[in-house]
Student: 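Quick one: this structure, given as C-alpha cells, is what I'll be asking you about.
Fair warning: this is a prediction, and the values are worked out from it, not measured in the lab. The figures here come from the full heavy-atom set of this structure, side chains too, leaving out hydrogens, waters and symmetry mates.
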Amino acid sequence: MKTRLLSSSEGRREWALVMDAGDEAVAELAAFARGNALGAAHFTGIGAFSGLTVAWFDLGARKYRPVRLPEQVEVLSLVGDVARGKDGPSVHAHVCVAKRDATAHGGHLLEARVQPTLEVILVESPSHLVKTFRPEVGLALIDPLKGPAVPAAPSQPKPFK
C-alpha cells in the first residue's frame with residue numbers, strides 16, 4: 001500500500017491510501033491505523049476486489065453471519081471509522097459492491113482482496129473516540145461520551161447529551 005499525507009492542521013490529518021493488487025484491504029487499514037496510532041478517523045474508498053467476505057450482524061444470535069463473494073467486483077462505496085478499542089485502534093468498515101450483472105451486495109467488511117486497486121481517503125479527527133462493549137447488543141460500539149472532549153467553538157451548536 002502506498003500512502004501520502006495530504007494535509008495536517010490543528011490535530012486533523014488527511015491521507016490518501018492506495019492499495020495494490022493482492023493487498024488485503026481490512027488488514028492494510030488496520031495496520032495503517034495501528035502504525036499511525038489513530039484514535040478517531042473516518043474513511044471512504046472506491047476500487048475493485050477479486051473476492052471478499054461481508055457479513056450482517058444477527059442481533060438475536062449476537063454474531064456476524066459471513067457471506068462470501070468469490071468473484072471480481074467493483075467497489076461502489078467503502079465507508080468506515082476508526083476508534084479506540086480495548087486492544088488499540090479498531091477499524092469498522094461497510095462496503096457496497098457491484099457484480100458484473102450490476103447487482104449490488106454489501107455489508108460489514110470482513111476481508112477483501114484488492115484487484116487492481118483500492119483508493120481510500122482517510123481523515124483523522126483531533127479528538128479520540130472510544131468503543132465500549134454493550135452486552136445487550138454483543139458488540140463494542142462507539143460511546144461518544146467517553147474519551148477526551150473538545151470544547152465547541154462559540155458559533156457551533158452544542159453536542160447532544
Student: Please report the interatomic distance CG(Leu38) to OG(Ser90), rounded to the nearest 0.5 Å.
Tutor: 11.5 Å
Student: How many angstroms lie between OG1 in Thr3 and CG in Asn36, if you round to the nearest 0.5 Å?
Tutor: 7.5 Å
Student: Who are the side chain to side chain donor-acceptor pair (under 3.5 Å) partners of Asp101, not counting sequence neighbours?
Tutor: Thr103
Student: Is there a side chain to side chain contact (heavy atoms under 4.5 Å, CB included) between Val97 and Leu69 once you walk through the steps?
Tutor: CA-CA 10 Å; Val97 298; Leu69 297 171; 4.0 Å; yes
Student: For Ala104 and Cys96, which heavy atoms make the closest approach, and how far apart are they?
Tutor: CB-SG, 4.0 Å
Student: Would you indicate whether the side-chain heavy atoms of Leu52 and Val75 approach each other to under 4.5 Å?
Tutor: no
Student: Holding to side chain to side chain contact (heavy atoms under 4.5 Å, CB included), I want the full list of residues that pass it with Ala16, two or more places apart in sequence or in another chain.
Tutor: Leu6, Ile121
Student: Lys63: which residues meet the side chain to side chain contact (heavy atoms under 4.5 Å, CB included) condition with it, sequence neighbours left out?
Tutor: Ala61, Arg65
Student: Pairs under 3.5 angstrom only: tabulate donor-acceptor contacts from the side chains of residues 111-120 to other protein residues two or more places apart or in another chain.
Tutor:
| from | atom 1 | to | atom 2 | distance (Å) |
| --- | --- | --- | --- | --- |
| Glu111 | OE2 | Thr53 | OG1 | 3.2 |
| Arg113 | NH1 | Gly22 | O | 2.6 |
| Thr117 | OG1 | Met19 | O | 3.1 |

Student: Could you work out, with salt bridge (Lys or Arg N to Asp or Glu O under 4.0 Å) as the rule, every residue matching Glu124, not counting sequence neighbours?
Tutor: Arg13
Student: Could you identify which residues cluster with Val79, counting Ile, Leu, Val, Met, Phe, Trp and Tyr as linked when any side-chain heavy atoms lie under 4.5 Å apart, either directly or through a chain of such contacts?
Tutor: none
Student: Before you tell me yes or no, could you show the steps for Val123 and Arg12 under side chain to side chain contact (heavy atoms under 4.5 Å, CB included), namely the whole-Å CA-CA distance, both residues' side-chain angles and the distance that decides it to 0.1 Å?
Tutor: CA-CA 7 Å; Val123 179; Arg12 181 184 183 275; 3.4 Å; yes
Student: With sequence neighbours left out, which residue pairs that include part of residues 18-38 fulfil the ring pair (Phe, Tyr, Trp, His ring centres under 6.0 Å) condition?
Tutor: Trp15-Phe32
Student: Could you grab the distance from atom CG of Leu29 to atom CD of Glu24, nearest 0.5 Å is fine?
Tutor: 8.5 Å
Student: Hey, mind stepping through Val26 and Leu110 against side chain to side chain contact (heavy atoms under 4.5 Å, CB included) and telling me if it holds?
Tutor: CA-CA 7 Å; Val26 177; Leu110 295 178; over 6 Å; no
Student: Tell me every residue that passes salt bridge (Lys or Arg N to Asp or Glu O under 4.0 Å) with Lys2, counting only those two or more places apart in sequence or in another chain.
Tutor: Asp20
Student: Identify each donor-acceptor pair in which a side-chain atom of residues 39-51 lies under 3.5 Å from a protein atom, sequence neighbours left out, and give them as a table.
Tutor:
none

Student: Can you tell me if Asp23 uses its side chain to pair, donor with acceptor, with the backbone of Ala25 under 3.5 Å?
Tutor: no
Student: Considering residues at least two apart in sequence or located in another chain, which fulfil the salt bridge (Lys or Arg N to Asp or Glu O under 4.0 Å) criterion with Arg134?
Tutor: Glu136
Student: Other hydrophobic cluster members with Leu139, side-chain heavy atoms of Ile/Leu/Val/Met/Phe/Trp/Tyr under 4.5 Å, chained?
Tutor: Phe57, Leu59, Tyr64, Val137, Leu141
Student: To the nearest 0.5 Å, tell me how far Leu5 CG sits from Glu14 CD.
Tutor: 9.0 Å
Student: Would you find a donor on one side and an acceptor on the other, under 3.5 Å apart, between the side chain of Glu74 and the backbone of Leu76?
Tutor: no
Student: Can you find a pair of side-chain heavy atoms, one from Glu71 and one from Lys99, that are under 4.5 Å apart?
Tutor: yes
Student: So which pairs with a foot in residues 67-95 pass ring pair (Phe, Tyr, Trp, His ring centres under 6.0 Å), sequence neighbours left out?
Tutor: His92-His94, His92-His108, His94-His108
